[in-house]
Amino acid sequence: MLDTLLPGVQHLQNIHPLVVHFPVAFLSGAALLYLLAWLAGHDAWAWTGLWLLVLGTLSAAVAVGTGLYAEPGAMMARSVRSALLVPHKRFMLATLGLGAAVTVWAGVARPFPARGRRVFIVLLFVLLAGLTKGADYGARMVYGYNVGGNACGQPIDFTE
């Protein structure tokens, strides 16, 4: 039935690519809303930011979990694994850790820390920078070396 609804799924080796976009959207939205709440002085907007931050961190945990589960079976050359997968994994684990930390901070200080708001905002944008860099490594694996798909034969060696 899933093949009928989503025919592209048949080309995937695992479900990791189906879940990775949720943390990107939720965490980006959270950072934007917290920034707007801070600049405009409307803490009510921070409540939506908090919900997006919670959803983003939870979905990041799912994305990291599916990625770690898929890693052993992902077909790729050793050169691709060392040049792209290892840094991708490191950035995403760090992003999840930082996401969990700022989510706990925001949850305790609901919805927005009264003290250290600038640091909080900076940490959100550091989180987004790590997420973006890690996602870039993932995209290079998928689109440059067909990791996780069946569009062409494997392994494809890493090239600059």
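Computation of the quantities below employed the complete heavy-atom set of this structure, encompassing side-chain atoms and omitting hydrogens, waters and symmetry-equivalent molecules.
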Inset, instruction - Any chance you could measure L96, atom CG, to S59, atom OG, to the nearest 0.5 Å? - result: 9.5 Å
Legend entry - Single-linkage hydrophobic cluster L131~L123, side-chain heavy atoms < 4.5 angstrom: yes
Legend entry - Expected output: side-chain H16 to main-chain A63 donor-acceptor under 3.5 Å: yes
Inset, instruction - Please answer: with hydrophobic residues joined when any side-chain heavy atoms are less than 4.5 Å apart, are L33 and L50 in the same cluster? - result: no
Inset, instruction - Write out all pairs satisfying side chain to side chain donor-acceptor pair (under 3.5 Å) with one or both partners inside residues 97-107, taking only residues at least two apart or from two chains. - result: T57-T103
Legend entry - P23 to G56 - nearest heavy-atom pair and separation: CB-O, 3.7 Å
Inset, instruction - Under 4.5 Å between side-chain heavy atoms, chaining through other members, with only Ile, Leu, Val, Met, Phe, Trp and Tyr counted: pull out the rest of the cluster around V108, sorted by chain and number. - result: V104
Inset, instruction - Run the numbers on W45 and L32 for side chain to side chain contact (heavy atoms under 4.5 Å, CB included), then give the verdict. - result: CA-CA 10 Å; W45 293 352; L32 178 63; over 6 Å; no
Legend entry - Candidate pair L53 and L124, rule side chain to side chain contact (heavy atoms under 4.5 Å, CB included), full reasoning: CA-CA 9 Å; L53 184 58; L124 286 176; 4.0 Å; yes
Legend entry - Closest contact, heavy atoms only, P87 versus S82: CD-O, 3.7 Å
Legend entry - Pairwise distance CE(M141) to CZ(R81) - rounded to 0.5 angstrom: 9.0 Å
Inset, instruction - Using the side chain to side chain donor-acceptor pair (under 3.5 Å) rule, collect all pairs that involve residues 21-43, keeping only residues at least two apart or in two chains. - result: D43-R117
Inset, instruction - Search all heavy atoms of L84 against all heavy atoms of R140 and return the closest pair with its distance. - result: CD2-CZ, 3.6 Å
Inset, instruction - Treat each ILVMFWY residue as a node, draw an edge where side-chain heavy atoms are under 4.5 Å apart, and state whether F125 and L98 are in one component. - result: yes
Legend entry - Common cluster, F26/V24, ILVMFWY with side-chain heavy-atom separation under 4.5 Å: no
Inset, instruction - Go through K133 and Y137 one step at a time and tell me if the side chain to side chain contact (heavy atoms under 4.5 Å, CB included) criterion holds. - result: CA-CA 7 Å; K133 186 65 175 171; Y137 281 110; 3.8 Å; yes
Inset, instruction - Give, for atom CD of E71 and atom NZ of K89, the distance between the pair rounded to the nearest 0.5 Å. - result: 4.0 Å
Legend entry - For G130 against F91, the heavy-atom pair lying closest together: O-CD2, 3.7 Å
Legend entry - Gap separating the CG atom of L27 from the CG atom of L52, nearest 0.5 angstrom: 9.0 Å
Inset, instruction - Group every Ile, Leu, Val, Met, Phe, Trp and Tyr by side-chain heavy-atom contacts under 4.5 Å, then state whether V64 and F22 land in the same group. - result: no
Legend entry - Spacing of OH belonging to Y69 relative to CD1 belonging to I15, to within rounding of 0.5 Å: 9.0 Å
